[in-house]
Q: 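Supplied in structure tokens, the structure appears directly below.
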Amino acid sequence: ICHENKCRNKDLFPARSQDIIGSILIVVASAFGIMVGIGGGGIVGPIGYIYMNMSYVETNALSNSVALIIAIAKLVNSLATRHPENKRKVLIDYDVVYILGPFILIGNLISSLITPTLPELLILINFVGLMAFSFYAGVGNYRINRAKELKAAEHKRHNDEEIKKR
């Protein structure tokens with residue numbers, strides 16, 4: 001909010017309807033992102049930037065915060081889930097974490113150095129592209145999983161019919 005050439009952040013309360021609807025959109029979009037296996041942090045950026053009129057810095061911080069919350073929730077959920085073949089092991093493969101972790105950190109470092117120098121239009125194009133890709137990947141994952149479910153249901157129905165014939 002700017003007044004007499006002095007700018008400051010808007011207070012949290014009272015919340016504008018745009019903030020409330022944007023928050024609901026972020027929660028719903030993140031939930032769908034988690035369900036289809038693409039996470040949800042990357043979906044937050046375009047919603048904040050386009051709908052809630054946030055700056056890139058604000059959307060980046062919000063996106064990273066949402067991604068951290070999602071990662072913690074997945075970690076807690078995965079700790080309770082056991083490996084399908086060896087029940088003494090947890091589901092998380094820590095070797096993959098050791099391999100991917102440094103590359104993720106390097107990517108974040110490079111992004112945080114390069115992004116402030118980019119024009120906002122290019123950032124917006126990247127956000128929209130990421131959202132479109134996430135939607136496309138989610139639809140693809142849905143189709144694959146749905147085909148597997150239908151095939152399993154058909155196989156079960158066929159087995160049930162065979163049992164009834166005997």
Side-chain angles (χ1 to χ4, degrees), residues 15 17-52 54 56 58-112 115 122-166:
S17 61
Q18 187 176 10
D19 295 334
I20 295 169
I21 294 170
S23 298
I24 292 169
L25 281 173
I26 287 172
V27 170
V28 170
S30 295
F32 280 122
I34 292 167
M35 286 190 285
V36 298
I38 59 170
I43 298 172
V44 172
I47 293 172
Y49 191 82
I50 296 168
Y51 186 75
M52 299 173 73
M54 295 175 138
Y56 169 73
E58 293 168 331
T59 58
N60 193 27
L62 180 63
S63 177
N64 288 336
S65 300
V66 170
L68 176 66
I69 292 168
I70 291 169
I72 290 170
K74 283 184 172 183
L75 174 68
V76 170
N77 186 41
S78 295
L79 288 175
T81 307
R82 298 318 230 174
H83 193 277
E85 295 172 8
N86 186 350
K87 297 298 179 189
R88 294 185 303 170
K89 290 185 176 180
V90 292
L91 188 61
I92 300 170
D93 185 1
Y94 289 105
D95 293 336
V96 173
V97 175
Y98 294 143
I99 293 169
L100 293 178
F103 293 107
I104 292 170
L105 291 175
I106 290 169
N108 284 335
L109 176 64
I110 292 170
S111 173
S112 65
T115 304
L122 185 59
I123 294 169
L124 176 63
I125 291 169
N126 285 333
F127 274 158
V128 172
L130 176 64
M131 195 171 218
F133 173 76
S134 297
F135 178 78
Y136 179 76
V139 170
N141 284 344
Y142 169 78
R143 287 181 178 163
I144 290 168
N145 290 333
R146 184 68 179 150
K148 286 179 183 177
E149 290 172 1
L150 291 174
K151 186 176 180 180
E154 178 64 27
H155 182 69
K156 183 180 183 306
R157 188 174 57 82
H158 180 70
N159 285 345
D160 290 347
E161 288 174 1
E162 290 293 323
I163 292 172
K164 287 180 183 178
K165 287 180 182 178
R166 295 180 190 168

Q: For Asp160, is there an ion pair with Lys164 - N to carboxylate O distance below 4.0 angstrom?
A: no
Q: State, to 0.1 Å, how close Met52 and Asp19 come at their nearest heavy-atom pair, and which atoms those are.
A: CE-O, 3.9 Å
Q: Can you name the residues that form a side-chain hydrogen bond (donor to acceptor under 3.5 Å, both in side chains) with His155, not counting sequence neighbours?
A: Asn159
Q: Indicate the atoms forming the closest heavy-atom contact of Val66 with Ser30, along with that distance.
A: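 Looks like CG1-OG, 3.7 Å.
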Q: With Asn86, which residues qualify under side-chain hydrogen bond (donor to acceptor under 3.5 Å, both in side chains), at least two apart?
A: none
Q: Measure the CG-CG distance between Leu150 and Asn145 for me, rounded to the nearest 0.5 Å.
A: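 Spacing of CG (Leu150) from CG (Asn145) equals 11.0 Å.
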Q: So Arg143 and Arg146, do their side chains get closer than 4.5 Å, heavy atoms only?
A: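 No, side chains not in contact.
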Q: How close do Leu25 and Ile47 get, heavy atom to heavy atom, and via which atoms?
A: O-CD1, 3.9 Å
Q: Side chain to side chain contact (heavy atoms under 4.5 Å, CB included) with Ile72: which of Ile70, Leu68, Ile69?
A: Leu68
Q: Nearest 0.5 angstrom please: Leu105 CG to Leu100 CG, how far?
A: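 Leu105 atom CG to Leu100 atom CG measures 11.0 Å (nearest 0.5 Å).
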Q: Roughly how far, to the nearest 0.5 Å, is CD1 of Ile106 from CD1 of Ile110?
A: 7.0 Å
Q: Going by the rule side-chain hydrogen bond (donor to acceptor under 3.5 Å, both in side chains), which residues pair with Glu154 if we only count those two or more places apart in sequence or in a different chain?
A: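 Applying side-chain hydrogen bond (donor to acceptor under 3.5 Å, both in side chains) to Glu154 gives Arg157.
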